[in-house]
Number of protein chains: 2
Amino acid sequence: MSDVARHAGVALGTVSNTMNNPDKVSEATRRKVQAAIAELGFIRNDAARSLATGTSSTIGIVLADLSNSFFVDIARGADATARQHGMNLIIANSDVDLAKQSMNISLFEESRVAGVLLAPLDTAYVRGSATLLRSTPLVLVNFAAESGHYAGVVADEEHGGYEAAQHLIGLGRTRLAFLGGPLLLTAVAQRLEGARAAVAANPGVTLEHIETRGLNIPHGRHAGQDILARGAGTFDGLVAASDLLAVGAIQILDGKPGFDVPTDLAVVGYDNNHFASESAIPVSTISQHGEEMGRVAAQLLMNEIQGGPTTIKQTVVIKPDLIPRRSSLGDAWRRD
Amino acid sequence: MSDVARHAGVALGTVSNTMNNPDKVSEATRRKVQAAIAELGFIRNDAARSLATGTSSTIGIVLADLSNSFFVDIARGADATARQHGMNLIIANSDVDLAKQSMNISLFEESRVAGVLLAPLDTAYVRGSATLLRSTPLVLVNFAAESGHYAGVVADEEHGGYEAAQHLIGLGRTRLAFLGGPLLLTAVAQRLEGARAAVAANPGVTLEHIETRGLNIPHGRHAGQDILARGAGTFDGLVAASDLLAVGAIQILDGKPGFDVPTDLAVVGYDNNHFASESAIPVSTISQHGEEMGRVAAQLLMNEIQGGPTTIKQTVVIKPDLIPRRSSLGDAWRRD
DNA sequence: CTGAAAGCGCTAACAC
DNA sequence: GTGTTAGCGCTTTCAG
């Protein structure tokens with residue numbers, strides 16, 4: 001930086017000021033300094049800067065699984081509001097690995113980011129590792145903080161499950177199945193609770209839980225075989241805990257006599273996975289609004305960064321919404 | 001850190017050593033120090049550390065579009081080899097925005113990462129911004145550096161296009177169409193070249209280019225309408241420049257008389273998009289091996305970080321591979 | 001605006 | 001192993 005100062009024929013402090021307090025520097029000298037910066041290819045050392053100021057203008061987000069478009073949406077939302085506040089967002093991927101998640105958190109902590117957003121692996125696996133961060137502001141995304149120690153934003157999973165089941169019931173379906181598991185995934189358990197609540201509110205409607213070992217397409221295909229074995233007419237409505245599950249089941253069932261989708265069996269998925277609308281039969285789904293969750297989470301983090309540790313740690317709940325498509329509406333649905 | 005030293009009853013230098021040169025410290029004192037660290041919740045300040053050493057153990061990757069699973073694969077591959085070398089990988093998303101891309105590069109440059117990987121927006125839009133980085137080692141992914149100033153890893157797009165067309169020709173198809181555009185996307189242009197080369201090598205086979213305005217599903221649907229208008233039998237094989245394009249076209253064409261896929265029209269896509277195997281008709285595709293590209297790119301970067309600026313800037317070419325599925329093989333194909 | 005200087009938290013080198 | 005110290009590149013303050 002002193003090179004720049006010499007090259008521009010100004011004082012070192014003036015160089016610093018043109019970068020940080022441009023209004024304290026006259027138009028003319030500012031341009032001289034910037035010319036020198038460009039000429040020398042000077043790049044300010046952010047490590048030294050944040051050492052000196054004790055602050056940083058970047059925030060980090062730790063994502064459970066980048067392969068899941070839901071998390072990418074969260075990151076995109078967080079990035080948008082971070083930029084609005086003049087901050088940068090950097091991402092670390094835990095890749096469904098608890099050890100990597102811890103490393104990523106430490107990484108951000110040690111590099112003294114202004115704050116961190118954490119979209120952790122599913123709750124059941126995390127509970128217990130209560131103390132996540134002490135000094136750095138931390139906001140949880142898609143995870144309900146137990147202790148109230150952290151601010152956060154979560155989706156109302158139960159509401160989503162309720163909406164899904166209620167949609168099918170509204171279409172006249174009475175013999176429902178809920179596809180999903182394992183139940184130690186709290187999101188799945190809550191979605192099931194919501195579906196049960198909808199059924200309980202509608203006399204004459206039944207719901208059976210078909211537990212799966214996971215939420216991916218192969219699990220859906222496996223469950224599809226089970227449903228097939230139960231015989232046509234056993235169910236006339238299917239709530240799947242994920243879009244992938246729904247697609248897998250549809251791949252097996254649709255076309256088989258007595259299992260036409262949606263005539264014999266109306267299907268609703270969950271997540272609004274990006275390809276759900278492009279699969280063999282576009283899947284009705286529950287959208288969790290990942291991008292909005294990211295925006296809100298980043299906003300909570302900004303509050304905390306500015307407000308200090310006294311800021312109240314609120315948890316914002318985002319309501320998911322139904323997006324009906326062909327798998328439940330049939331020909332009544334049309335693309336766009 | 002001096003707090004830790006006092007708390008453990010050792011010298012400041014010893015604390016530094018237990019973290020950086022554990023072998024220079026006796027077992028006993030090392031444990032004392034670590035206990036103090038845990039007790040005080042001490043977190044080493046990486047900004048100060050990298051200021052003092054002039055080095056960093058994290059590398060950054062700037063990705064053109066996180067929504068595209070190809071880039072996520074690249075990041076995953078890079079992360080794997082970075083960890084093998086004891087380094088951390090942080091990600092910044094350009095979100096198909098040139099301005100964000102520049103900001104992200106500067107961000108990493110200023111934070112003095114050990115090196116950066118850049119998977120940039122398509123070449124045509126980037127050419128000209130020749131000087132990307134001076135001081136920080138930089139390796140390009142999925143982009144052919146013109147000047148030889150940067151190391152890089154790219155896919156052999158022409159080979160991919162050749163393979164796709166050759167696959168159809170091998171199946172006895174003779175009236176091919178190539179779907180894709182705009183041609184100022186160099187990847188598309190090169191894939192088309194490859195397809196043309198395959199056709200030229202096989203007398204009696206023809207290929208017509210149907211230009212699209214983009215590579216997404218709606219563009220594919222639009223092109224599908226065009227093909228439909230041309231009448232049944234005009235084409236018997238279709239090479240699409242992306243899986244999304246292929247899916248869109250199939251959505252329109254399959255089922256229409258004379259357009260059964262693959263009987264009347266065999267289709268090959270490109271990218272091995274994660275959902276390509278789960279669409280209405282699983283799409284044959286060309287896989288670019290994103291994860292391997294990421295691994296190789298990170299390895300090149302490691303070489304450069306260790307070897308200094310004298311390291312030769314090589315460009316590694318990864319050959320894409322055909323993954324045949326139902327859209328070209330028909331019933332001969334079985335899942336897995 | 002200049003010029004000088006203290007200090008951010010750490011590493012690395014020194015004599016003991 | 002200890003205790004001390006210079007210095008990484010920047011910000012910030014102060015008198016002029």
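The structure displayed is predicted, hence computed values, not measured ones. When reading the values below, keep in mind they use all heavy atoms of this one structure, side chains included, and skip hydrogens, waters and symmetry mates. The chains referred to below are lettered A, B, ... by the order of the sequence lines, with proteins before strands, and numbering in each begins at 1.
- Applying the 4.0 Å criterion to OP1 and OP2 of dT11(C), one finds that S16(B) has a side-chain N or O inside that range.
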inquiry  = I'd like to know whether R112(A) forms a side-chain contact (heavy atoms from CB on, under 4.5 Å) with T55(A), so could you lay out the CA-CA distance, the side-chain angles of the two residues, the decisive distance to 0.1 Å, and finally the verdict.
reply    = CA-CA 8 Å; R112(A) 293 292 190 276; T55(A) 67; over 6 Å; no
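- A heavy atom closer than 4.0 Å to some atom of DNA chain C occurs in A48(B), R49(B), A52(B), T53(B), these being the qualifying members of residues 46-55 of chain B.
- Here the straight-line distance linking atom CG of L117(B) with atom CE of M293(B) works out to 11.5 Å at 0.5 Å rounding.
- Side-chain contact check for N303(B) and Q299(B): at least one donor-acceptor pair (N or O, by modelled atom type) lies under 3.5 Å.
- Note that CD of Q288(A) is 5.0 Å distant from CD of E157(A), once rounded to the nearest 0.5 Å.
- Whole-Å rounding puts the N21(B) CG to dA12(C) C1' distance at 9 Å.
- When distances are taken from the side chain of T14(A) to each of dC10(D), dT2(C), dT11(D), the shortest belongs to dT2(C).
- Across all non-hydrogen atoms, the minimal contact from L66(A) to V72(B) is CB-CG1, 3.9 Å.
- Between the C1' atom of dG7(C) and the CE atom of M1(B) lies a distance of 16 Å, rounded to the nearest Å.
- Heavy atoms of N17(A) sit nowhere under 4.0 angstrom from any nucleic acid atom.
- Distances shown here put every side-chain N or O of N45(B) at or beyond 4.0 Å from the OP1 or OP2 atom of dC8(C).
- Q101(A) pairs with exactly one of L118(A), L63(A), N93(A) by the side-chain contact (heavy atoms from CB on, under 4.5 Å) rule, that one being L118(A).
- DNA chain D is contacted by no residue of residues 2-11 of chain A, taking any non-hydrogen atom closer than 4.0 Å.
- When the C1' atom of dT11(D) is taken as reference, atom CZ of R44(A) falls 11 Å away, rounded to whole Å.
- Computed from coordinates, the E110(A) CD to dC8(C) C1' distance equals 18 Å when rounded to whole Å.
- If you take CG of L12(A) and P of dT12(D), they are 13 Å apart, rounded to a whole angstrom.
- Taking E110(B) as the reference, R44(A) meet the salt bridge (charged side-chain N to carboxylate O under 4.0 Å, His left out) condition, with sequence neighbours excluded.
- Ion pairing between R76(A) and D79(A) fails under the 4.0 Å rule for side-chain N and carboxylate O.
- The CE-P distance, from M19(A) to dT11(D), rounds to 7 Å in whole Å.
- Taking both residues in full, the closest heavy atoms of A114(B) and I59(B) are given as CB-CG2, 4.2 Å, listed atom of the first, atom of the second, then distance.
- Where R112(B) and E27(B) meet DNA chain D, the nucleotide closest to each residue was compared, and E27(B) sits on the side nearer the 5' end.
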